[in-house]
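One structure is given below, encoded as structure tokens.
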Amino acid sequence: MITRMSSLFVRTLRDAPADAEVPSHRLLVRAGYVRRIAPGVFSWLPLGYMVYRNVERIVRAEMDKAGFQEVHFPALLPREPYESTGRWTEYGDNLFRLQDRKGGDYLLGPTHEEMFTLMVKGEYSSHKDLPLVIYQIQTKFRDEARPRAGILRGREFVMKDSYSFDVDDAGLRASYLRHRDAYVSTFDRLGLEYVIVSATSGAMGGSASEEFLAPTESGEDTYVRCTACDFAANVEAMVTPVPPVSDASGVPAAHVEQTPDTPTIASLVEVSNARADLRRPDRDWSAEDTLKNVVFMLTDVDGGRRPLAIGLPGDRDVDIKRLEAAVQPATVEPFEESDFTRHRELVKGYIGPGALGETGTSGIKYLLDPRVVAGTRWITGANTAGQHVYDLVAGRDFSADGVIDVAEVREGDACGLCGAPVTLARGIEIGHIFQLGRKYAEALGLKVQAENGELVTVTMGSYGIGVSRAVAAIAEQHVDDKGLVWPREVAPADVHIVATGKADEPFEFAETLCEELDSRGVRVILDDRRGVSPGVKFNDSELIGVPTIVIVGRGLVDGLIEVKDRATGERVDIPVASITDYLVDLVQG
RNA sequence: CGGGGCGUAGCGUAGUGGCUAGCGCGCCUGCUUUGGGAGCAGGAGACCGGGAGUUCGAAUCUCCCCGCCCCGACCA
């Protein structure tokens, strides 16, 4: 295929729009790949659409290779199936809803578990039909509260979503692993650097789950990686190791102290160190010695509200994302002034274990951070304004209703598997695979007859790749100060030929070369613009980011063509006689 | 939805009450130029986000609305 710059529908921009911040967004706009239409909604221009289609083609090829079968659903869907699974309401404001002329409710599909489940239910009824994997590449709609970063997070985007159907858990695990393998080859082929991390299953429900994250500054997900073993997890799925029970035999009995005006951890530590009667003989108190008790208000799917108290070391905050992941599908809000007035037994700034717990005075469920093991010694609130308890020992002086691992994760925290320090990094979620289980099959009645004749509920897996997002993720990982640097297979062309000079010869030669390459299956962009200065063409070629740039210009009189590698900047002069073969080898070899 | 910032031509921007809203890029015409975003000359392009108000006079001041971007709570 030949793309001629003289007639290509594109206009490159010297300046990026002021509102574009992340590199992929700035460059995709500058190079004339995409244009914004509405918040989180983008159009693809010819160059962008070429890249998009390449990514889609690779994803499709890898799915087909894995033996998955492609189907296609509408984006416009009726309400009923989503009503059956509760997601019509559960999805909340993120769902684009609309009505037809008769007032019937419809939605624009945010994901298609329901439709796939029903499709299989409509066709199959025997265990002999399974396992089955079907997929589609579809435009999805989610009315995101905050679209951002260009096509990295849009409200309309393209996703490849597949679903596996198995009779039993062993089958589900096998289908899951087949997908994992297929995703590995897909992302390798797309030229993406990625890590596979343990994840929580989010709003979809289900158990085992992993995410494919493309490490990038502009990524939205934070993940931890162990410096010693191969543990990697989304922070939401981080597991804090439980320290051994500590010996508290030497700790004096708990005692309440007057500590006026110490409603914060910082003030409490300061006062405790400043006063001789409170000072610790061996060392200064630090925030880690205090037990902070934070209260949240949870809202269940049915609208019911219940408070939840969490006790954790005072130097840590609760990570709301981790908390939501731990209590989902319930949603979390901070405890507000009005909630405190309703719970008089909770003294803001001085809440202690004494008032908490299902059997305590408040009756509020109380969960502890894993670090608060039996035998640990704490300073904590005494449930009276201006008073704290010292030498309160977990297990000896107080207990809770259970453990919850939702404290913020920090660089250097201990790995849940081996105990070595972990590092934190950010990444773009480009793929997510998980074992859904029977949630949807149950809700929609997808059963098959087993060998013994009994009806069994099918177990499902759900697997997604953000196709349009992958374009942005690839761009994000393949840029330099001059522009985009596409991996060959997704690039809009294999070579970008720039003809320069005033004379006709370079242009005529470039045209011939271009046709020869085209006839041998090389995709080429030809900059055949006359009267455009060489600097403009060089800059455009670098901005557009095709992997190989060929310059036909002043070297031609000596029989030489310059070939430049976009990524490394290396240049070589190739004799005219062998240039076609050289390029074909470069591209196809 | 909470916090912060911003709306002037396709893009980047100047303009804190005073004449016909200025500049760069890009675009059109002509001549020159042709290996790193060329030069000269001449052009086209703006309901200054919208509405109301204050004023002799508003891009500029006031109020309301709308939109956008960034950071947080959701997700491919």
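Since the structure is predicted, the reported quantities are computational estimates derived from the model, not experimental observations. In what follows, chains are A, B, ... by sequence order, proteins preceding strands, each numbered from 1.
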Query - Nearest-nucleotide comparison on RNA chain B, the residue closer to the 5′ end among A/Arg30 and A/Val158 - result: A/Arg30
Query raised in the report: Which nucleotide, B/G26, B/G35, B/G37, lies nearest any side-chain atom of A/Glu562?
Result: B/G35
Query raised in the report: Taking CZ from A/Arg469 and C1' from B/A76, how many angstroms apart are they, rounded to a whole number?
Result: 5 Å
Report task. Could you check A/Glu144 against A/Pro534 and say which one's nearest nucleotide on RNA chain B is further toward the 5' end? Result -> A/Pro534
Requested in this report: Check if the side chain of A/Glu542 and the base of B/G37 share a donor-acceptor pair of N or O atoms closer than 3.5 Å.
Outcome: no
Query raised in the report: Nearest of B/C70, B/G37, B/G12 to any side-chain atom of A/Glu21?
Result: B/C70
Report task. Determine the interatomic distance between P on B/A58 and the same-named atom on B/G17; round to the nearest Å. Result -> 14 Å
**Report entry** Check: A/Arg571 side chain, B/G36 base, donor-acceptor under 3.5 Å
**Finding:** yes
Requested in this report: Evaluate the salt bridge (Lys or Arg N to Asp or Glu O under 4.0 Å) criterion for residues A/Asp161 and A/Lys140: first the C-alpha distance (whole Å), next the side-chain angles of each, then the deciding distance (0.1 Å), finally the verdict.
Outcome: CA-CA 10 Å; A/Asp161 49 329; A/Lys140 307 288 188 189; 2.8 Å; yes
Query raised in the report: Considering only heavy atoms and no angle criterion, is a donor-acceptor pair shorter than 3.5 Å present between the side chain of A/Lys564 and the base of B/G36?
Result: yes
Query raised in the report: Hey, does A/Gly553 reach any base, or is it just sugar-phosphate, or nothing, if we go heavy atoms under 4.0 Å?
Result: base
Query raised in the report: Which whole-number value in Å describes the distance from A/Ile544 CD1 to B/G36 P?
Result: 19 Å
Query raised in the report: Taking NZ from A/Lys502 and P from B/C31, how many angstroms apart are they, rounded to a whole number?
Result: 13 Å
Report summary line: From CG of A/Leu13 across to C1' of B/C25 the rounded distance in Å is 9 Å
Query raised in the report: Atom CZ of A/Arg26 to atom P of B/C70: distance rounded to whole Å?
Result: 12 Å
Query raised in the report: Is the closest basic N to carboxylate O distance between A/Arg469 and A/Glu476 below 4.0 Å?
Result: no
Query raised in the report: Within 45° of the six-membered ring axis of A/Trp88 and under 6.0 Å from that ring's centre, is NZ or CZ of A/Arg97 located there?
Result: yes
Query raised in the report: Mind checking the C1' distance from B/G15 to B/A38? Whole angstroms is fine.
Result: 30 Å
Query raised in the report: B/G26 phosphate, OP1 or OP2: any side-chain N/O from A/Arg14 under 4.0 angstrom?
Result: yes
Requested in this report: Could you please name the option among B/G26, B/C68, B/A76 that lies closest to any side-chain atom of A/Arg11?
Outcome: B/G26
Report summary line: Under a 3.5 Å limit on both distances, the Watson-Crick or wobble mate of B/G53 is B/C61
Requested in this report: Can you tell me, in whole Å, how much space there is between the C1' of B/U13 and that of B/A59?
Outcome: 14 Å
Query raised in the report: Between A/Arg148 and B/C71, does any side-chain N or O lie under 4.0 Å from OP1 or OP2?
Result: yes
Report task. To the nearest 0.5 Å, tell me how far A/Leu108 CG sits from A/Glu156 CD. Result -> 9.0 Å
Query raised in the report: In terms of side-chain geometry, is the basic nitrogen of A/Glu56 or A/Arg53 positioned less than 4.0 Å from the acidic oxygen of its partner?
Result: no
Query - Heavy-atom donor-acceptor pair, A/Arg153 side-chain to B/C75 base, under 3.5 Å - result: yes
